[in-house]
Amino acid sequence: MPTAIAVTSADMALPAQDERTMPAVVLTGLDRKPLDEALTELHAHTEQYGHVVVVCSEATPEPVVRRLYTLRSLLESDRVALLRPALPPLGIAVLARQLRQLASCDLSPGVLACAGRLLTHYIHAGAVLGSVARLDRVPVGLKAHARSWVPGTQFAVLAHPEPQLVKVTPEATLKGPEFSTWMLVSKGQLQSDWAAGLGTRWGVHGLRETPLPAESPLWWGTGRLIEFCGYLADLSVLYQLVTSVRRTSCHWCGTDVIGDRCVFCSAAPPAPGPPRAPEPRTPA
């Protein structure tokens with residue numbers, strides 16, 4: 001039974017990357033539905049799929065996030081995980097799709113959930129912005145703030161994995177991945193071909209477009225943007241990355257995990273105790 005990968009809005013459920021990509025479970029209107037109705041819905045998904053991994057961004061409305069924690073608590077279940085990496089919304093949507101690809105493989109729920117934290121490191125997410133005056137996710141210098149007030153000025157920002165900010169010029173670029181990727185682009189209320197040119201400089205396999213997630217303007221501080229994301233698309237590469245990491249069992253809930261934290265119960269490995277003194281030997 002494949003683990004369900006859930007998102008909190010339909011625009012975060014990207015089209016399938018290949019024929020093996022599992023469909024996303026869309027948990028819409030969690031903060032507007034009656035509590036018992038939302039509880040029944042999530043309970044049905046856990047019964048159908050066994051485990052549910054909810055992927056959402058830091059721009060997801062707090063009432064939705066609070067409702068998710070409330071539902072998980074009421075279910076008294078360790079089969080619901082909430083994954084909320086520090087990625088822009090388009091990067092979150094890409095990560096959710098990668099997990100949907102991996103959900104078709106022979107990975108345990110704990111390993112699949114922890115794979116979200118691993119794969120985050122391989123996502124290059126950024127945007128072209130018409131203003132950085134309200135951008136608080138990436139360090140912005142005074143000069144860039146001042147330039148935001150100059151009509152026509154645009155900025156290229158890489159939010160992950162390493163924050164970068166440059167003024168858009170034909171020669172400007174951002175440090176890209178050291179491995180081959182695809183690029184996904186979402187256009188907001190800004191006209192620019194710079195992101196497509198960046199894809200060429202990064203040597204991406206190809207460039208695809210998708211509608212801008214509704215949470216993106218809040219995350220970036222402006223609706224005048226074009227969001228982009230470089231990512232690994234090949235299922236065999238994703239699977240090899242995940243399976244190359246040593247697996248352990250969570251000391252708290254017993255789930256198979258990779259990395260340093262169980263996503264389902266949030267337990268970290270216990271700190272190693274002091275070294276034991278050698279046992280004294282009895283003279284012969």
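Start at 1 with the first residue, then count along the sequence.
Phe264 meets the ring-ring contact (aromatic ring centres under 6.0 Å, His included) test with His51; sequence neighbours excluded. Arg117 meets the salt bridge (charged side-chain N to carboxylate O under 4.0 Å, His left out) test with Asp260; sequence neighbours excluded. In this view, Thr255 satisfies the side-chain hydrogen bond (donor to acceptor under 3.5 Å, both in side chains) rule with no residue, not counting sequence neighbours. Residues forming a salt bridge (charged side-chain N to carboxylate O under 4.0 Å, His left out) with Arg79 (at least two apart in sequence, or on another chain): Glu47. For His43, there are no side-chain hydrogen bond (donor to acceptor under 3.5 Å, both in side chains) partners at least two apart in sequence or on another chain. Not a single side-chain hydrogen bond (donor to acceptor under 3.5 Å, both in side chains) links Thr222 to another residue, sequence neighbours left out.
In this structure the side chain of Pro23 never reaches within 4.5 angstrom of the side chain of Arg100, judged on heavy atoms. Residues Glu215 and Pro61 have side chains in contact (heavy-atom distance under 4.5 Å, counting atoms from C-beta outward). Side-chain contact check for Trp219 versus Leu87: every heavy-atom pair is 4.5 Å or farther apart. Residues Pro85 and His160 form no side-chain contact, since every pair of their non-hydrogen atoms from C-beta on lies 4.5 Å or further apart. The closest side-chain heavy-atom distance from Ile92 to Pro213 is not below 4.5 Å. The side-chain heavy atoms of Val25 and Val52, taken from C-beta on, include no pair separated by under 4.5 Å. Contact of the Ser216 side chain with the Ser186 side chain is not registered, since no non-hydrogen atoms from C-beta on lie closer than 4.5 Å. Side-chain contact between Thr3 and Tyr49 is absent, with no heavy-atom pair separated by less than 4.5 Å.
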In sequence, state the C-alpha distance, the side-chain angles, and the governing distance for Val65 and Leu82, and then conclude on side chain to side chain contact (heavy atoms under 4.5 Å, CB included).
CA-CA 9 Å; Val65 177; Leu82 180 59; 4.3 Å; yes
Determine, stepwise, if the pair Trp220 / Val157 fulfils side chain to side chain contact (heavy atoms under 4.5 Å, CB included).
CA-CA 10 Å; Trp220 291 102; Val157 183; 3.9 Å; yes
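By the 6.0 Å contact criterion, CD on Gln189 is open, its count of non-hydrogen atoms from other residues, nucleotides or ligands being 12 or less. A 6.0 Å sphere centred on NZ of Lys187 holds no more than 12 heavy atoms belonging to other residues, nucleotides or ligands.
The main-chain N or O of Ala172 is never found under 3.5 Å from a side-chain atom of Lys167 such that the two would form a donor-acceptor pair. With hydrogens and angles disregarded, a donor-acceptor distance shorter than 3.5 Å links the side chain of Glu227 to the backbone of Leu90. The backbone N or O of Val80 lies less than 3.5 Å from a partner atom in the side chain of Arg72, making a donor-acceptor pair.
Put simply, the residue from Leu102, Leu99, Ile258 that forms a side-chain contact (heavy atoms from CB on, under 4.5 Å) with Leu107 is Leu102. The side chain to side chain donor-acceptor pair (under 3.5 Å) with Gln17 is formed by just one residue from the set Gln101, Arg97, Gln98; it is Arg97.
Within the structure, the ring pair (Phe, Tyr, Trp, His ring centres under 6.0 Å) test picks out no pair touching residues 62-95 (sequence neighbours left out). Sorted by first and then second residue, the ring pair (Phe, Tyr, Trp, His ring centres under 6.0 Å) pairs involving residues 81-122 (not counting sequence neighbours) are Tyr122-Phe179. Pairs of residues two or more places apart, or lying in two chains, that qualify as salt bridge (charged side-chain N to carboxylate O under 4.0 Å, His left out) and include a residue from residues 52-64 are Glu58-Arg137, Glu62-Arg84.
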Ignoring hydrogens and angles, write down the donor-acceptor pairs under 3.5 Å from the side chains of residues 4-16, residues two or more places apart or on other chains.
{"unit_1": "Ser9", "atom_1": "OG", "unit_2": "Asp11", "atom_2": "OD1", "d": "2.6"}
{"unit_1": "Asp11", "atom_1": "OD2", "unit_2": "Ala214", "atom_2": "N", "d": "2.7"}

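Residues Leu83 and Val26 are members of one and the same hydrophobic cluster, defined by side-chain heavy-atom contacts under 4.5 angstrom among Ile, Leu, Val, Met, Phe, Trp and Tyr.
For the pair Ser104 and Arg20, the tightest heavy-atom approach, listed with the atom from each and the gap, is O-NH2, 3.2 Å. Of all heavy-atom pairs between Ser180 and Gly203, the closest is OG-O, 4.5 Å. Of all heavy-atom pairs spanning Pro88 and Ala125, the tightest one is CD-CB, 3.6 Å. Between Ala103 and Pro2, the closest heavy-atom pair is O-CB, 3.6 Å.
Taking Ile, Leu, Val, Met, Phe, Trp and Tyr as hydrophobic and joining them when side-chain heavy atoms fall under 4.5 Å apart, one finds Leu218 isolated, its cluster having no other members. In the hydrophobic clustering, where aliphatic and aromatic side chains (Ile, Leu, Val, Met, Phe, Trp, Tyr) are joined below 4.5 Å either directly or transitively, Leu190 groups with Val128, Leu158, Val166, Val168, Leu174, Met183, Val185, Trp194, Leu198, Trp202, Val204, Leu207, Ile226, Phe228.
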